[in-house]
Amino acid sequence: MSYSVVLENVNYNYTGSAKPALKNINLKISKGERVMVTGPSGAGKTTLCRCLNGLIPHYFRGKLEGKVAIDSVDTRSTTISALSHSVGLLFQDPSSQLVCPTVIDEVAFGPENYGVPPVEIRTRAEECLKSVRLGGYEERNPHSLSGGEQQACALAAIMAMRPEIYVLDEPTSNLDPIGSSQILNLLAGMSKEGKATMIIVEHKMEELLPVVDRLIVMNDGEIVLEGSPRNLLENVDAMQKMGLKPPQVALLAAKLKGRDPSIVPPMTLEEAVETFSKLLKSGKSALERKPSQGVDRGEKIIEARDLWHIYPNGTVALKGVDLDIYAGEFVAVIGQNGSGKTTLVKHFNGLLRATKGNVTVFGINAAKASISELSKRVGYCFQNPDHQICCESVQKELEFGPTNLTVPIEEIQRRVSEVAKAVGLESVLSENPFSLSKGERQRVAVASLLTMKPEVLVVDEPTTGQDYRMSREMMDFYKKLNVEEGKTIVVITHDMNIAAEYAHRVVVLREGRILVDGPTREIFTKTDLLETTYLNPPQITRLGQMLSEYGFPRDILTVDEMYEVMSELLRGD
């Protein structure tokens, strides 16, 4: 058998780190194979990716033991430049690999350096941009794009190189749900046609498991599980204990095993409909549901009226937005990449000023207030945590904000200790933030805001780079702040499961305007409307809608809700 990738007895330690990042890795990947690598934050996934294109050992300092071979060539004996012709690596942070002034230049850059004829470069660039939904963006500056659009641009630049091996570190973490599915299906199709080997690091099992040949689970620098996705889904409990999130339909099947041990965990929505419909009888009337309990919201604290924002390059990001945020709410802002979500919330703490219209924050005209004045009451966590981290240790990062607010030192230490424990950073307080994984840096950025005690917390993509367990812990922490301390929480997210489970209210943006705004349960019944902005309701919600003839309500939001409804229906059989 011909192998694209071979790792034999690989161990790796970063310089200055006592803990090995990789331990005894033995892995062979066949040509054309599609492999998903997953695991909790800090498991060693990104380090593994760096080994595959020569960044380790040629760029990152550390001790590498064992053998890493790409197409039978030892990575120690060749250069990063030579390896890049065979291995296309998409970084976890795509903005760090975007270097050209325009999108078209970015996509053309690689082929130009390898002497591809200009006509062929143009053809490749146009095809790749169209495939990642960036047609028409050719003259935009890559760094003016949204996080999801930057991710798509970086991927298009790699695709234009036509590598034999794709190594993609969370290629869809910033993409909207339908865009995510499109990209993953595109990559799977390229591999199926024999064009490339795919090694994809992802947490999104729902989208990826149906299109990969093998699932590899890492934990603490080691490979701990490996096999076909279908076989590994038989043990969803083990996956959840490691902080992973199997498909919602597989979780439901695991819950129903007690009733019918023969149930095979489905990997797709279509399989789930077939599996669960066999347990049910059609023709039942829909179950009566208690109306959703409304949330008592307080006074209006943020008000946007006829809000327009036009960037210096002429991009019209917001077009007459009217929005009210009330004290005590938990609001999810969702929409396709580039719909204006981040632009909108940056007006809440003065990072952006309205081109036209008004934004009022706690009765203050945001256009006339300083960022420092607004930040005392509205904390904003960037989509990329590196944009707001500035200190040499996690401890100092968490102290920075309250120190500048002249909080007494004893109170600062109390806050730092309390917040570090709440977000799981106690063990890394002495570490340099930039030595941590992206998921850990995300928690540092959030923690640095929480030590300032803002009344409103705005978090842009709170679960990016986090494994399922840490995502849940972070979201549970925001929920606690909302419920117990009355803080107003506004999250931008592409994770519909997070929006469904935690938000009281959902605001949907499309092309700079509010498409719809309302209670979460109501919004997720509007499947056709959501599709117009590249969104899908959670998988479990869509399952309920597809099983409506059996009596399922169309507004189920969680696996636990679905299990309760199904159990009640089965009791009536």
Flag the pair Glu473 and Arg443 as a salt bridge only when some basic side-chain nitrogen lies within less than 4.0 angstrom of an acidic carboxylate oxygen.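 No.
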Lys130 bridged to Glu126 by N-O distance under 4.0 Å: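 Salt bridge flag = no for Glu126 with Lys130.
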Could you pull out all residues at least two apart from [X] that satisfy side chain to side chain contact (heavy atoms under 4.5 Å, CB included)?
| X | value |
| --- | --- |
| Pro101 | Asp105 |
| Gln539 | Glu206, Pro247, Gln248, Val249, Leu269, Arg542 |
| Asn235 | Asp237, Ala238 |
| Tyr14 | Tyr12, Ser17, Ala21, Thr47, Arg50, Ile56, Phe60 |

With His58, which residues qualify under ring pair (Phe, Tyr, Trp, His ring centres under 6.0 Å), at least two apart?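 Applying ring pair (Phe, Tyr, Trp, His ring centres under 6.0 Å) to His58 gives none.
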Side-chain donor-acceptor contact under 3.5 Å, [X] with [Y]:
| X | Y | value |
| --- | --- | --- |
| Arg34 | Tyr166 | no |
| Asn337 | Ser146 | no |
| Thr315 | Asn313 | yes |
| Thr172 | Glu202 | yes |
| Ser84 | Tyr114 | yes |
| Ser339 | Gln336 | no |

Closest heavy-atom pair and its distance - [X], [Y]:
| X | Y | result |
| --- | --- | --- |
| Cys381 | Leu449 | N-CD1, 3.4 Å |
| Thr15 | Gly62 | OG1-N, 3.2 Å |
| Leu244 | Pro40 | CD2-N, 3.9 Å |
| Pro142 | Cys100 | CD-O, 3.4 Å |
| Asp495 | Asn497 | OD1-N, 3.0 Å |

Qualifying residues under salt bridge (charged side-chain N to carboxylate O under 4.0 Å, His left out), relative to [X], sequence neighbours excluded:
| X | result |
| --- | --- |
| Lys346 | none |
| Glu138 | none |
| Arg122 | none |

Judged by atom type as modelled, is there a donor-acceptor pair below 3.5 Å linking the side chain of [X] to the main-chain atoms of [Y]?
| X | Y | value |
| --- | --- | --- |
| Asn432 | Ser393 | no |
| Lys28 | Tyr3 | no |
| Gln97 | Leu89 | yes |
| Gln388 | Phe382 | yes |
| Thr493 | Ala499 | no |
| Glu234 | Pro265 | no |
| Glu431 | Val428 | no |
| Glu426 | Lys421 | no |

Do the side chains of [Y] and [X] get nearer than 4.5 Å, heavy atoms only?
| X | Y | answer |
| --- | --- | --- |
| Thr197 | Glu164 | no |
| Pro163 | Val87 | no |
| Ile29 | Ile199 | yes |
| Met475 | Thr463 | yes |
| Asn9 | Glu65 | no |
| Cys153 | Val103 | yes |
| Val444 | Leu425 | yes |
| Leu457 | Leu450 | yes |

Glu397 vs Cys390, test: side-chain contact (heavy atoms from CB on, under 4.5 Å). Steps then yes/no. CA-CA 7 Å; Glu397 192 68 43; Cys390 59; 4.0 Å; yes
Measuring from [X]:[atom1] to [Y]:[atom2], what's the distance to the nearest 0.5 Å?
| X | Y | atom1 | atom2 | answer |
| --- | --- | --- | --- | --- |
| Leu351 | Thr343 | CG | OG1 | 11.0 Å |
| Thr403 | Leu398 | OG1 | CG | 10.5 Å |
| Leu215 | Arg230 | CG | CZ | 13.0 Å |
| Leu90 | Met159 | CG | CE | 11.5 Å |
| Thr451 | Phe400 | OG1 | CZ | 11.0 Å |
| Ser4 | Ile165 | OG | CD1 | 4.5 Å |

Please list all pairs passing the salt bridge (Lys or Arg N to Asp or Glu O under 4.0 Å) test where one or both residues lie in residues 35-48, with sequence neighbours left out.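 Those involving residues 35-48 do not exist here.
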Which pairs count as salt bridge (Lys or Arg N to Asp or Glu O under 4.0 Å) when at least one residue sits in residues 380-391, sequence neighbours excluded?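 Matches after skipping sequence neighbours: Asp386-Arg441.
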Stepwise side-chain contact (heavy atoms from CB on, under 4.5 Å) test for Glu106 and Gln150: CA-CA 11 Å; Glu106 191 68 50; Gln150 287 184 357; over 6 Å; no
Output side-chain donor-acceptor pairs under 3.5 Å for residues 219-227, partner residues at least two apart or in another chain, one line each.
unit_1: Asp220; atom_1: OD1; unit_2: Lys19; atom_2: NZ; d: 3.2
unit_1: Asp220; atom_1: OD2; unit_2: Lys23; atom_2: NZ; d: 3.1
unit_1: Glu226; atom_1: OE2; unit_2: Arg214; atom_2: NH1; d: 2.4

Show me the donor-acceptor pairs, under 3.5 Å and distance only, between side chains in residues 67-74 and residues at least two apart or in other chains.
unit_1: Asp71; atom_1: OD1; unit_2: Lys31; atom_2: NZ; d: 2.7
unit_1: Asp74; atom_1: OD1; unit_2: Arg76; atom_2: N; d: 2.8

Show your working on side-chain contact (heavy atoms from CB on, under 4.5 Å) between Met452 and Asn404 and close with a plain yes or no. CA-CA 9 Å; Met452 295 172 66; Asn404 281 278; over 6 Å; no
Could you go through Asn349 and Val458, starting from their C-alpha distance and side-chain angles, then the distance that decides it, and tell me whether this counts as side-chain contact (heavy atoms from CB on, under 4.5 Å)? CA-CA 9 Å; Asn349 74 335; Val458 180; over 6 Å; no
A quick test of your reading: do over 12 heavy atoms of other residues, nucleotides or ligands sit less than 6.0 Å from CZ of Phe477?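 Result for CZ/Phe477: enclosed.
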